[in-house]
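All values below come from the heavy atoms of this structure, side chains included, with hydrogens, waters and symmetry mates left out. Indexing begins at 1, ligand by ligand and atom by atom, following the structure's order.
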Amino acid sequence: MCGIFGMIGSGAVDKTLSALKRLEYRGYDSAGIAVKNGGCINIYKQAGMVGQLRKSVPADIVGESVIGHTRWATHGEVSQANAHPFISQHKQFAVVHNGIIENHLSLKYRLQSCGAEFTSQTDSEVVAHLLEANFSGDTLAAVTSTAKQLEGSFAVVVTTAHNGNLYAIKRKSPLVVGVSGNEVYFCSDIRCLSQYAVKVAQMPDDTVAVSAPSGSVAFYDFDGNPVSVKFFTVDAAEDFADFDGDYMLKEILEIPEKIRQAKKGYFADGGLNLTAKVVHRIKRIYLIGCGTAYNSGLEAAALAREMLNIDVLPVIASEFIYDRYPVDNTTLAFLISQSGETADTIRAAERVAETGGFTYAVTNTSTSTLRYACNKFKNICADGEFAVASTKAYNCQLITLTLLLADIAYLKGSIDENVHNKIIDSVDSLSAAIESTLADSYQIARLADEIKDSSAVFFLGRTRDYPTAAEGSLKLKEISYIHSEAYPAGELKHGTLALMEKGVTVVAIATDSALIDKMSSSIAEVVTRGARVICVSPYGFSNATVVKIPVVNRFMFGALSVVPLQLLAYYVAKRLNRNVDKPRNLAKSVTVE
Ligand code: AGP
């Protein structure tokens, strides 16, 4: 996933660089801008983050229009040559692109046979050369014919040397247009526009936009026919206050409030929003996602087994697409995605829909590709999550899924009104329990000092605590780079015990009082082999360092017991001087399969 931005208006260079800084959560291995001034386009680009790029751009540069890009490499190594923007051979067109041009090689060979000289290993560069090859005086015609020749997913913003317009092309990858007076903006994420634009519009798929220095914007389909697009006033979307600290810690500390917001938001737009008739037809539920989103589905499925008498199956999206999971008109699939832009999850939604299933998006934004690909949609109301490692979104996904599944269980009669109301009411006490856990974060910081040099960290849990172990392990490895795995505790003795030795840390999660003895024996097995054990639990364990959490409703433990693990990952990574908000080799959302 990459971040793209373009604008016509005053202070364009500085505004573009500021917007790119805010888009860095989408990718940050290289960055660049193209500044159009008079009849020429100047390119400034390099490997590294936006802050380094800003230092290389002359302070006195003024541009009528500027386009910019911050990259997460998919095709071509991280280098200055592979950084966007790309300019066509005769310097007439410069482009920034987010997505994948799937037919870039065939286009590249054809263009090279006509004399085009490429300077990068990327797929995106082909767009600049194709525009120039298609240009014979009518720029809009060149843009629409180029759009028709591209295959794959693409959000492209184009500046030209021969007029003052900006052009954009959109298919599958997100692209938002913003206007304010005679200024026009294009951006990958609506939240990066809220400080500039007064009105915004989500560009529909298979459209081209043309914006002029007057502030006008017109939209066309790929055949050049005018298309009308509705603008709406940009709400008070979470602005990017230039926060100096770590977004990850800020977002962990926001969890109690965001969980209250998730519950409020759930009921504010009607709750489940499925008729009893549709609910009674459901015989199978899938919970589909990737990474942290998948882990929230894994946990929600464990909770559903205590509420519903039908199959509720968590499935990794990239597996669902290519495996033969049964789907028919009695199937309901929840597609879980913080960004709503993860390619595997979007593709999984399309597969469910193609085979007669009902799709329900659970996302953290109200304008996303996934939302429009599904029959129904629910916003988890976590507000902007900018640290690449997802934290508050996990807790809010879990609460939203729990409320959705509890409504289904109640409508199906598998839980009574009393249990149903208890689940809903227990969300409020959950927030209070998380606040008290966060108050003990100094204890977690101390533990981080003790385990930061572990050779490996294993996370263990049984039944509903295993998904929490999986999320804790993902959080630790993705920002500290320490090897980590998660196991159902009982599985350890079937092979992985071989890895237990001095220097290994084990983090056990034990929230079920009925399984205390089982967890004690799992802990004893690893302690005798030299491992150091931390246990997140409301209960005591003599051979482990216990991080105490309050007792909450059994359906709420998952959203609570993960919080010490989120903090532990954060503090360990800080002790190791990692970039906690932008860790290596990671993207906030992977918009390519
Ligand atoms: C989160 O910590 C991870 N960086 C990543 O696994 C993420 O959860 C996954 O890519 C799914 O993203 P989504 O929720 O936006 O679809």
(request) Fit a plane to each ring of F386 and Y247, take the angle between them on a 0 to 90° scale, and name the class: parallel (under 30°), tilted (30 to 60°) or perpendicular (over 60°). (result) perpendicular

(message) As a check for students: among T292, I336, T363, T342, identify the option with a heavy atom nearest to atom 13 (P) of ligand 1.
(response) T342

(message) Angle between ring planes, H97 versus H84, binned at 30° and 60°: parallel, tilted or perpendicular?
(response) parallel

(request) Measure the distances from the heavy atoms of E341 to every atom of ligand 1 and state whether one is below 4.0 angstrom. (result) no

(request) May I ask you to decide if I100's main-chain N or O and S153's side chain share a donor-acceptor pair within less than 3.5 Å? (result) yes

(request) Identify, for atom 3 (C) of ligand 1, the protein heavy atom at the shortest distance, and state residue, atom and that distance. (result) E478 OE1, 3.4 Å

(message) List ligand 1 atoms under 4.0 Å from S390, heavy atoms only on the residue side.
(response) 1 (C), 2 (O)

(request) Output the list of atoms in ligand 1 that are nearer than 4.0 Å to some heavy atom of A389, sorted by atom number. (result) 2 (O)

(message) What protein heavy atom lies closest to atom 9 (C) of ligand 1? Include the residue and the distance to one decimal.
(response) C290 O, 3.7 Å

(request) Would you please classify the geometry between the Y185 ring and the Y196 ring as parallel, tilted or perpendicular, with 30° and 60° separating the classes? (result) parallel

(message) Could you tell me if D344 and Y294 have a donor-acceptor pair between their side chains, going purely by distance under 3.5 Å?
(response) no

(request) Among all protein heavy atoms, pick the one closest to atom 14 (O) of ligand 1 and tell me residue, atom and distance. (result) Q338 N, 2.7 Å

